[in-house]
Amino acid sequence: MATTSPESAAAAGETNDPIHIRRLELSDHERGFVALLSQLSTCPDLTASEFATRFAELAAQGDDHVILVAEDTSAPERRILATGCLFVERKFLRGGGKAGHVEDVVVDAAARGWGLGLRIVRRLVEIARDAGCYKVILDCTPELRAYYAKCGFVEKGVQMAVYF
């Protein structure tokens with residue numbers, strides 16, 4: 001068994017990193033994507049048909065809705081170990097500018113501490129920058145302030161919500 005995490009190996013310059021960060025694919029339903037989301041919030045399982053319908057709806061938004069996953073390519077079932085989403089909001093403000101919203105970041109409990117969340121968030125921020133967003137924002141619990149500061153975010157404002 002390896003003595004370093006996949007992130008440590010990648011940082012050391014090794015090219016055999018078994019973790020591949022890529023966009024969500026339809027086949028990720030079988031790779032545990034929905035179960036992973038349930039570690040973040042209430043997320044009942046979806047049938048393959050329900051997943052395919054939602055996947056198609058989100059894919060139709062193109063680069064305005066990007067879901068990334070971290071896939072363990074060394075595992076036979078190619079498990080999804082982490083995910084995060086970027087929604088690009090098109091605005092009238094700032095001359096028709098765009099704002100990026102990072103959502104639904106979660107790392108499988110067994111893979112926490114490997115830096116996968118950091119990799120996902122940084123990649124989402126890069127995508128937002130490349131899309132011309134003037135800012136990227138996210139909401140988090142107070143316990144995660146330091147984590148997202150490590151990802152380059154600064155605390156600003158107060159979150160308010162209405163849930164139904």
- Message: Quick one: does any side-chain atom of T73 pair with a main-chain N or O of I19 as donor and acceptor, under 3.5 Å?
- Response: no
- Task: Going by the side-chain contact (heavy atoms from CB on, under 4.5 Å) test, name the single residue among D72, V106, V107 that passes it with L81.
- Result: D72
- Say you draw a straight line from OG of S27 to CD1 of I80; how long is it, rounded to the nearest 0.5 Å? 7.5 Å
- Using a 4.5 Å cut-off on heavy atoms from C-beta on, say whether the side chain of V88 contacts that of D63. no
- Query: Do T83 and L24 come close enough that some side-chain heavy atom pair is under 4.5 Å?
  - Reply: no
- For A70 and I120, which heavy atoms make the closest approach, and how far apart are they? N-CD1, 3.9 Å
- Message: If I take atom CZ from residue F87 and atom SG from residue C133, how far apart are they, to the nearest 0.5 angstrom?
- Response: 10.0 Å
- Item | Candidate list R23, R79, R78, R22, test salt bridge (Lys or Arg N to Asp or Glu O under 4.0 Å), partner D28, passing option | R22
- Task: Say whether L116 and V69 are linked into one hydrophobic cluster, either directly or through other cluster members, by side-chain heavy-atom distances under 4.5 angstrom.
- Result: no
- Using atom types as modelled and distance alone, determine if a side-chain donor or acceptor of H29 lies under 3.5 Å from a backbone N or O of E50. no
- Exercise: identify the closest heavy-atom pair between V34 and C43: CG1-SG, 3.6 Å
Show the atom names and distances, to 0.1 Å, of all donor-acceptor pairs under 3.5 Å that link a side chain in residues 146-161 to residues at least two apart or in another chain.
from: Y147; atom 1: OH; to: L118; atom 2: N; distance (Å): 2.8
from: E155; atom 1: OE1; to: R145; atom 2: NE; distance (Å): 3.2
from: Q159; atom 1: NE2; to: D139; atom 2: OD2; distance (Å): 3.0

- Query: What is the distance from atom CZ of R31 to atom CG of L26, rounded to the nearest 0.5 Å?
  - Reply: 10.0 Å
- D104 side, atom CG; I67 side, atom CD1 - distance, nearest 0.5 Å: 7.5 Å
- Message: Could you measure the distance from the CD atom of E103 to the CD1 atom of I137? Nearest 0.5 Å is fine.
- Response: 8.5 Å
- Item | Salt-bridge criterion met for R129 and E126 (N-O under 4.0 Å) | no
- Task: Check E25 against F55 and note the closest heavy-atom contact, atom names and distance.
- Result: C-CE1, 3.6 Å
- Message: Can you give me the closest heavy-atom contact between L124 and V66, atom names plus distance?
- Response: CD2-O, 4.2 Å
- R112 vs Q39 side-chain heavy atoms within contact, under 4.5 Å: yes
- Task: Measure the spacing between CD of E71 and CD1 of I21 and express it to the nearest 0.5 Å.
- Result: 11.0 Å
